[in-house]
4 protein chains.
Amino acid sequence: MSPKVSKAYKEEKRAIILEGALHCFTEKGFQATTIDDIVKHVGISKGAIYNYFASKEEMYIQMADDKMNAMLANSLEHFKSLPVAADQIRYMYDRFRKQPLAELRKWMAFHLEFMLYAARQPHLITRWDQYADKALVFMQGIMEAGRTSGEFRPDLDCAAASRLFWSLRDGLALQYMLSGEELDYLQRIDDMESMVFRYIAG
Amino acid sequence: MSPKVSKAYKEEKRAIILEGALHCFTEKGFQATTIDDIVKHVGISKGAIYNYFASKEEMYIQMADDKMNAMLANSLEHFKSLPVAADQIRYMYDRFRKQPLAELRKWMAFHLEFMLYAARQPHLITRWDQYADKALVFMQGIMEAGRTSGEFRPDLDCAAASRLFWSLRDGLALQYMLSGEELDYLQRIDDMESMVFRYIAG
Amino acid sequence: MSPKVSKAYKEEKRAIILEGALHCFTEKGFQATTIDDIVKHVGISKGAIYNYFASKEEMYIQMADDKMNAMLANSLEHFKSLPVAADQIRYMYDRFRKQPLAELRKWMAFHLEFMLYAARQPHLITRWDQYADKALVFMQGIMEAGRTSGEFRPDLDCAAASRLFWSLRDGLALQYMLSGEELDYLQRIDDMESMVFRYIAG
Amino acid sequence: MSPKVSKAYKEEKRAIILEGALHCFTEKGFQATTIDDIVKHVGISKGAIYNYFASKEEMYIQMADDKMNAMLANSLEHFKSLPVAADQIRYMYDRFRKQPLAELRKWMAFHLEFMLYAARQPHLITRWDQYADKALVFMQGIMEAGRTSGEFRPDLDCAAASRLFWSLRDGLALQYMLSGEELDYLQRIDDMESMVFRYIAG
DNA sequence: CATGAATGAGCTTTCATTCAT
DNA sequence: TATGAATGAAAGCTCATTCAT
């Protein structure tokens, strides 16, 4: 009766487009990427894209959304088997360590560019703040659990520590983007990890 | 054979244009800034700009050049009255501290955007590396002087320390851009300063 | 050999689509109305529409056709019980009077827009003339009947009078569209009616 | 020192573009006319048009503006040598009579289409009302002058008469567009003129 | 040197129509 | 027949750059 096509099909196609678009955005940047670039890379027609996304900017936004949500969902999934807060934080660092550096570089470029872009589009500033908040609240939750369970020191300012955690991560990634030295990067993750634990430990 | 206008006149005009362009670039971003924006802000004609710069990109590049050179020149100027290496480094931190935060934010945005832009333009990658190198060598020179004079520890890896210095600075500024907390920023500069001195001290 | 669905079903569906399309056309205009607008308003699929009409333009044309035929059919129906020509003409005026002004405005917009559209599409000019002719002949028929029966003056130029009748009607509706004064409108219908009767009366 | 180009040059070019655009608009209609059509017809580059008009719609609006203003200016110019109000009104009719019918048809098409278009664009409704008002006030002024001078009857409702004047004109032009009979048209102008004078005469 | 009108390739987005399911 | 995802040719508009004056 219909090519009404399964919801899964649409979801998959949306993902394919997003993947292709992400490739282009990280390769050339958001502003420099044209719809034709994406179309060519995904192997789809120009019009089809607009069946899935209202605009080029919307693709960009949803990409950031997806990225954030995937990170949270993935983490929460693993946390089921990690009841100890400290282990949860260690898991986060493992993720950083295991992330292929080429990937990191791409994501970092995406992250920075989106930040710069969103900061200048009044209608996106709120959205950006929401992302930051989500990540912040997420880590804050872990730390509060650790404080309650007695793993971390009782006077820990969880909000501040959470902010610190992400700031360090961003600073680290930025340094990597700037210097490009891969060995250093891994060493610095270790340093950062120990620094954070020294800060929050009981 | 003599030029129609003095070299000084040209130089001054060039500076005026660059200043206006910088304002626009930091305000709206490089790609989003149009020549018309600059023209309007500088109060000059569109054609005139092309007497001073071959292209919009060229303005961007020269701006980064000037910024870097100004920083170095300004520092070297002050260093004449600061024979002690440690004082020279302290002077660098004072500059960070004194820089108005709004300014910093603009410069950071400019810095990041240019980095992202340059990283994607093959013909700019080399140039970008030159900037990084200039800054690196500059700080490395200070540290070597300090090591020679006995201020710093004799086994100091000056190249690594220099790299660390700038990475920390960038990480810090990025954190500020992300969090926007002004008080934290100043506190962190202090932390960073003491961290560096602990690392290099004899 | 037999159709899968009854002819009545198709006819009904066709009418439903046309009704929805008409709503859209009068609301937004022909060119500004998209197939999606119609689809949304009718609650049918995009493909289905093309089972009933070959193109958007075809819908427009058939709509004008239907409108004209409905007007004639409706009139002829009533005329069965109105053997006197003058009564038939009075009936036409009553229809004008009873038509809700909002409706009139919509129809007038549709009428004008179709006229403008048809006048510029070579393949529609003939068709438009046919409409005009149908209406003309219709009224001419009434008048000739009245002349034959002695109701109207024997030297009446029925063709000219018919043309006058419709021109006045259009002029009146246009005036209403322009001025928007509702009270005036009803008064002017009366004036127009008496004017016409004075012209055709014996 | 400059191709700053005389104001007259710009004004002239603007007029040339407008003229070409008008040609296209009357030929194909506003919505069906593309910028490329205009560009081709005027012999100018696409971008150049946007130095003179902010958008296609803006051209349309200014065209209506110009048309209205030209009519008023031209009339006022001639009225200097026509102190008698009745003569001024007669002059208006002469203008109708002298206007080439092909021209009239084009203008009428433009007039109707603009009306339909403006009526559906919320931001243009006000503007349209202003045009109507300008014309209304203009004619009302003439009539008031005639009433004051005793040419017209002292109890004349000048506002109503002015409205009547323009409605009749529009109705007449519409009839012409519909019927296309040229001889009739001229005859009807005479009828209309006498009808109006009978209405306003003392 | 200064001016700013002109250029036109290139951009994002729209939408009537098709066709595999 | 019904569906709606896919198509792709336009469309309106932008803007870095050029060049006649």
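Just so you know, these numbers come straight off a predicted model, no measurement behind them. Computed over heavy atoms, backbone and side chain alike; hydrogens, waters and symmetry mates excluded.
Between dT3(F) and Tyr9(A), no contact under 4.0 Å exists linking OP1 or OP2 to a side-chain N or O. Between Tyr52(A) and dA5(F) there is no side-chain N or O to OP1 or OP2 distance below 4.0 Å. Regarding contacts with the backbone of dA6(E), every side-chain N or O of Ser45(D) stays at 4.0 angstrom or more from both OP1 and OP2.
If you take atom P in dT21(F) and the same atom in dC1(E), they sit 22 Å apart, rounded to whole Å.
For the pair Phe110(D)/Tyr60(D), a side-chain contact is recorded, criterion being any heavy-atom separation below 4.5 Å from C-beta on. In this structure, the side chains of Met59(A) and Tyr52(A) stay at 4.5 Å or more apart for every pair of heavy atoms. Looking only at side-chain heavy atoms (C-beta outward), Met115(B) and Leu112(A) come within less than 4.5 Å of each other.
Nucleotide dA20(E) forms a pair with dT3(F), judged by Watson-Crick or G-U wobble geometry with both contacts under 3.5 Å. Nucleotide dT14(F): paired with dA9(E) (Watson-Crick or G-U wobble, both distances less than 3.5 Å).
What separates CD of Glu58(A) from P of dT14(E) is a distance of 13 Å, to the nearest Å. Nucleotide dC15(E) holds its C1' atom 9 Å from the CD1 atom of Ile35(C), rounded to whole Å. Look at CZ on Phe30(B): it is 10 Å from C1' on dA16(F), rounded to the nearest Å. Protein atom CZ of Arg14(B) is 15 Å distant from nucleotide atom P of dA2(E), rounded to whole Å. The CD1-P distance, from Ile49(D) to dA11(F), rounds to 14 Å in whole Å. The nearest whole Å value for the distance from the CD1 atom in Ile38(C) to the P atom in dA2(F) is 16 Å. Between Glu57(D) atom CD and dC13(F) atom C1' the separation is 14 Å, expressed in whole Å. In this structure, the CD1 atom of Ile16(A) is 14 Å from the C1' atom of dA5(F), given to the nearest Å.
Electrostatic pairing of Lys106(D) and Glu103(D) does not count as a salt bridge here, judged by no charged N lying under 4.0 Å from a carboxylate O. Contact check on Arg120(A) versus Glu27(B) returns no salt bridge, with no Lys/Arg side-chain nitrogen under 4.0 Å from an Asp/Glu carboxylate oxygen.
Closest to the side chain of Ser55(B), out of dC15(E), dT3(E), dT17(F), is dT17(F). Of the candidates dT17(E), dT14(F), dA6(E), the closest approach to any side-chain atom of Tyr50(D) belongs to dT14(F). With dT13(E), dT7(F), dC1(E) as the choices, the nucleotide that has an atom nearest any side-chain atom of Lys10(B) turns out to be dC1(E). Among the nucleotides dT3(F), dA5(E), dT3(E), the one closest to the side chain of Asn51(D) is dA5(E).
Each of Gln31(D) and Ala54(B) lies near DNA chain F, and the nucleotide nearest Gln31(D) is the one positioned closer to the 5' end. Each of Gly47(A) and Ala48(D) was matched to the nucleotide of DNA chain E holding its nearest heavy atom; the match closer to the 5' end belongs to Ala48(D). In terms of position along DNA chain F, the nucleotide closest to Lys13(A) lies nearer the 5' end than the nucleotide closest to the other residue of the pair Lys13(A) and Thr33(B).
By the 30° and 60° cut-offs, the orientation of the rings of Phe114(D) relative to Tyr131(D) is tilted.
Within 4.0 Å (heavy atoms only), Lys46(A) reaches at least one base atom of the nucleic acid.
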